[in-house]
Structures are given as C-alpha cells and as structure tokens.
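Each chain gets a letter, A, B and so on, in the order the sequences are listed, and its residues count up from 1. Please read these numbers as outputs of a predicted model, since none were measured by experiment.
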There are 2 protein chains.
Amino acid sequence: MYVVIVYDVSVERVNKVKKFLRQHLHWVQNSVFEGEVTRAEFERIKSTLREIIDEDEDSVVIYRLRSRPMRETLGIEKNPLEDII
Amino acid sequence: MYVVIVYDVSVERVNKVKKFLRQHLHWVQNSVFEGEVTRAEFERIKSTLREIIDEDEDSVVIYRLRSRPMRETLGIEKNPLEDII
C-alpha cells in the first residue's frame, strides 16, 4: 500500500518523528512523508509513532492509498521523488 | 475528485494561502487541507495558488485522488472531518 503521512507534533518531539519516518518513507516537504509500505511496515510505523508522540497533544494523519497517487507540485519541489524512485 | 494539499510557504504568504484554501477545502492540520472538488474548482485552486505563492521559493504539493481516501489519526484530531461532512 501507499501512505502519505502528515504530522503536527510539538517541537520537543518533531525531530524524533522526522528521523524515524525518514527510515521508512520519502520526505516530501515540511511535515509530510510518503511512500510504499508493506502491511507489516505500516503497523510498525503506527505503533512506533504512537510511542514517540504525545497522543494528548500531537496529531499524525495517515492517508492510506492503494498505489502512488497523482501528484502535482506548484512552485519548487523540495525533494524530488524522481530522484529516489 | 478528491484532493489533499500540503504546502510549505514562506511566512509572508502563508496566511493568504490558508485563507484562500479555507474557502474551498477542509483544514486538516498545520499546512494541510483536503476535500472534494470539481474539475473546474481544481483548476481555479491551482491558478490562484500560483498567483499567491512565490514559485521560486514556496512549494505546494497536490495529491489528486478519485475519492476520499482511508485516513487514520494518531493522537488528537485537530479538526475532525466528521463535523462538516
């Protein structure tokens, strides 16, 4: 499956979230990652994120898609996907 | 179609982007909006965003989907979708 993950996490924890997601997904911009994951990876990502964040304060939204979606960029491409795919 | 829009826009222009997107889409968190749009709305959103942003500095990524995707939230829901749908 393909996931797009966006997060709004307090500054104390944001680097930990970023560092962790970078191991599994492609950084898009700001607080956004995306990438193809297996079901097992998906579950692991969710459980680790739950450990890192403060569930009373932080927010992580995960969009779960069947495949890589159509995607357009206006302005600059912060981190071109094409470089790694 | 359904769009998820994430942006990384300089502080001078970010409120303008937010204010504009709020007229068309649902605010999810931080720099993320989503919602159902017609083809015409989609084109209008893109052309207005191009006018607002500095295309040499800012970045807007638009995911275009057929329908509202599966979506999970860890932690708090900054702006529950269910409230408006």
Item to complete: Would you kindly confirm whether A:Ile45 and A:Met1 end up in one hydrophobic cluster when ILVMFWY residues are joined by side chain heavy atoms under 4.5 Å apart?
Response: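 Hydrophobic grouping puts A:Ile45 with A:Met1.
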Worksheet item: Going by heavy atoms in the side chains, are A:Lys78 and B:Asp8 under 4.5 Å from each other?
Response: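 In contact.
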Discussion item. With heavy-atom distances below 4.5 Å as the criterion, would you say the side chains of A:Asn30 and B:Val6 are in contact?
Written reply: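 Heavy-atom side-chain distance check fails, nothing below 4.5 Å.
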Worksheet item: If you measure only the distance, is there a donor-acceptor pair under 3.5 Å linking the side chains of B:Tyr63 and A:Glu72?
Response: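 Looking only at side-chain atoms, A:Glu72 and B:Tyr63 do not form any donor-acceptor pair under 3.5 Å.
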Worksheet item: Taking atom types as modelled, is there a side-chain donor on B:Gln29 or A:Tyr7 under 3.5 Å from an acceptor on the other?
Response: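 No - no donor-acceptor pair under 3.5 Å links their side chains.
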Discussion item. Under 4.5 Å from any heavy atom of chain B, what part of A:Ile76 do you find: side chain, backbone, both or neither?
Written reply: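 The answer is both parts of A:Ile76.
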Fill in: Part of A:Val32 within contact of chain B (heavy atom distance under 4.5 Å)
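Side chain of A:Val32 only, per the 4.5 Å heavy-atom cut-off to chain B.
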Worksheet item: Could you give the distance from OG1 (A:Thr73) to CD1 (B:Ile62), rounded to the nearest 0.5 Å?
Response: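 These two atoms lie 8.5 Å from each other.
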Item to complete: Name the option with the most non-hydrogen atom pairs under 4.5 Å to chain B; the candidates are A:Asp56, A:Ile53, A:Val3, A:Val61.
Response: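 Highest number of pairs under 4.5 Å: A:Val61.
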Worksheet item: Under the side chain to side chain contact (heavy atoms under 4.5 Å, CB included) test, which residues partner B:Arg13, sequence neighbours left out?
Response: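 Checked B:Arg13 against side chain to side chain contact (heavy atoms under 4.5 Å, CB included); matches are B:Val9, B:Ser10, B:Asp54, B:Glu57, B:Asp58.
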Worksheet item: Looking at residues at least two apart in the chain, or sitting in another chain, which of them share a side chain to side chain contact (heavy atoms under 4.5 Å, CB included) with B:Arg50?
Response: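 With neighbours one apart ignored, the set is A:Leu74, B:Lys46, B:Glu55.
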Worksheet item: When only pairs under 4.5 Å are counted, which of B:Leu49, B:Ile5, B:Val4 shares the most heavy-atom pairs with chain A?
Response: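 Max contact count across the listed options: B:Val4.
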